[in-house]
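Everything below concerns the one structure shown next.
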Amino acid sequence: MSKHSFKVVVTDFEYDTLAPEKEVLEKIGVEFVAVQCKTEEDVIEAAKDADGIINQYAPITRKVIENLTNCKVISRYGVGVNTIDVDAATEQGIIVGNVTDYCMDEVSDHAFALIMACARKVVLLNNAVKNHNWDFKVSMPIYRLRNRVLGLIGLGRIPQSLAKKAQAFGLRVVAYDPFVSKQVADELQVELLELNELCARADFISVHAPLFESTKGMIGEEQFNVMKKEAFIINTSRGPVVDEQALIVALQESKIAGAGLDVVEQEPIQENNPLLTMDNVIINPHVAWYSEEAQLELKRKVAENVADVLSGYYPTYLFNRDVKAKVSLKDKN
């Protein structure tokens, strides 16, 4: 194989190094190009003749995809593929890959950390003490965690991992996920409920739904109106799954007790967002996925998706399975 059989473009990235990706791709003789695209036009200019694309946040829209002349695979850093028009890619016979399993522990740990911080008012008390107020009454009321109800919205790999961790602390776990069988839920000792019933029963609601058109704003005014006054909502999935305006109103009107958010509708969060002024809201900068180990694993696997396809194989993490009607590759053994 000649030195540069293929061209692979990284459309954008927030990482200090792309060495793990390069290492994977250099084995198959790739011209490796890394750019920082912001717009559709940037992506088209950088990647129009690329054989493979690695993407973080730059828009891979239908317009972009229809301007790609050689592309065989688009691989996204992460679990979600909301930056990519998957239907357009499938129509063009382009494989879309993601990495579904790189941060299961990290996100489930982070979600539980936010649950614990909300339950025990850790951040509120820390801030009070640093403002020279040594008084536990600031945190009132705090309720015992054991026997309270954790409601999981989504019951995929990450929330399944979270369920086990929560159960170890004595939480009872219920879930809403129309795509998960009762058998799977029973094995996890998780009770399946309808969405609004879950919202009415849970003391902590942890959101793990992927972002699609159908899930945008799925937690809205109707759901907040049935939640308990002492309930906390935790979101480590995607900001727009929760209707942020409805959340703000629910917090302002004390319909719920507080929130632990790793994601918001617009990232980075706008400086005038009312959530930033609320003592009962914890906000983190979309970090739940991160550990040194997870980052390295993500970078290697995102590149392996591309290397697999360019080597004639379906990738381990094939997102758009319908593309098999258009493309004939070998399955990896």
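The analysis underlying the following values was restricted to heavy atoms, covering all of them including side chains, and did not include hydrogens, waters or symmetry mates.
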Once you round to the nearest 0.5 Å, how far does CG of L150 lie from OG of S206? 6.0 Å

Judged by atom type as modelled, is there a donor-acceptor pair below 3.5 Å linking the side chain of D101 to the main-chain atoms of M104? no

State, yes or no, whether a side-chain contact exists between D49 and K7 at a heavy-atom distance under 4.5 Å. yes

Looking at side-chain heavy atoms only, is the closest gap between V8 and L310 below 4.5 Å? yes

Between E91 and R62, is the closest basic N to carboxylate O distance under 4.0 Å? yes

State whether the side chain of R172 and the backbone N or O of N147 hold a donor-acceptor pair below 3.5 Å, judged by distance alone. yes

Is N55 close to V302 at the side-chain level, that is, under 4.5 Å between some pair of heavy atoms? no

Can any side-chain N or O of Q295 pair as donor or acceptor with the backbone N or O of E292 at less than 3.5 Å? no

Can you list the residues that meet the side-chain hydrogen bond (donor to acceptor under 3.5 Å, both in side chains) rule with N284, with sequence neighbours excluded? H110

Do any pairs count as a ring pair (Phe, Tyr, Trp, His ring centres under 6.0 Å) and have a residue in residues 236-256, sequence neighbours left out, and if so which ones? none

Heavy-atom count check: over 12 atoms from other residues, nucleotides or ligands less than 6.0 Å from E194 CD? no

In terms of heavy-atom contacts, does CG of N272 have more than 12 from other residues, nucleotides or ligands at under 6.0 Å? yes

Between N273 and L275 (side chain of the first, backbone of the second, donor and acceptor by atom type, cut-off under 3.5 Å), is there such a pair? yes

L261 side chain reached by I269 side chain, heavy atoms, under 4.5 Å: no

Suppose clustering is done on Ile, Leu, Val, Met, Phe, Trp and Tyr with side-chain heavy atoms closer than 4.5 Å. Which residues sit in the same group as Y57? none

Looking at K38 and Q36, would you say the former's side chain and the latter's main chain have a donor-acceptor pair under 3.5 Å? no

Salt bridge check, D105 against K165: does any charged N sit closer than 4.0 Å to a carboxylate O? yes

Tell me whether K121 contacts the main-chain N or O of N280 through its side chain, where contact means a donor paired with an acceptor under 3.5 Å. no

Is there a donor-acceptor contact under 3.5 Å from the side chain of N98 to the main chain of T100? no

R76 side chain reached by F319 side chain, heavy atoms, under 4.5 Å: no

For K255 and E253, what are the C-alpha separation, side-chain angles and deciding distance, and is it a salt bridge (charged side-chain N to carboxylate O under 4.0 Å, His left out)? CA-CA 6 Å; K255 288 180 187 174; E253 296 181 358; 3.7 Å; yes

Is it true that the NZ or CZ of K301 lies under 6.0 Å from the centre of Y317's six-membered ring and within 45 degrees of the ring axis? no

Answer yes when E41 and K63 have at least one side-chain N-carboxylate O distance shorter than 4.0 Å, and no when they do not. yes

Are the side chains of V64 and P59 in touch, meaning some heavy atoms are under 4.5 Å apart? no

Taking side chain as C-beta onward, heavy atoms only, is E304 less than 4.5 Å from V99? no

Side chain to side chain, Y102 and R300, heavy atoms closer than 4.5 Å: no

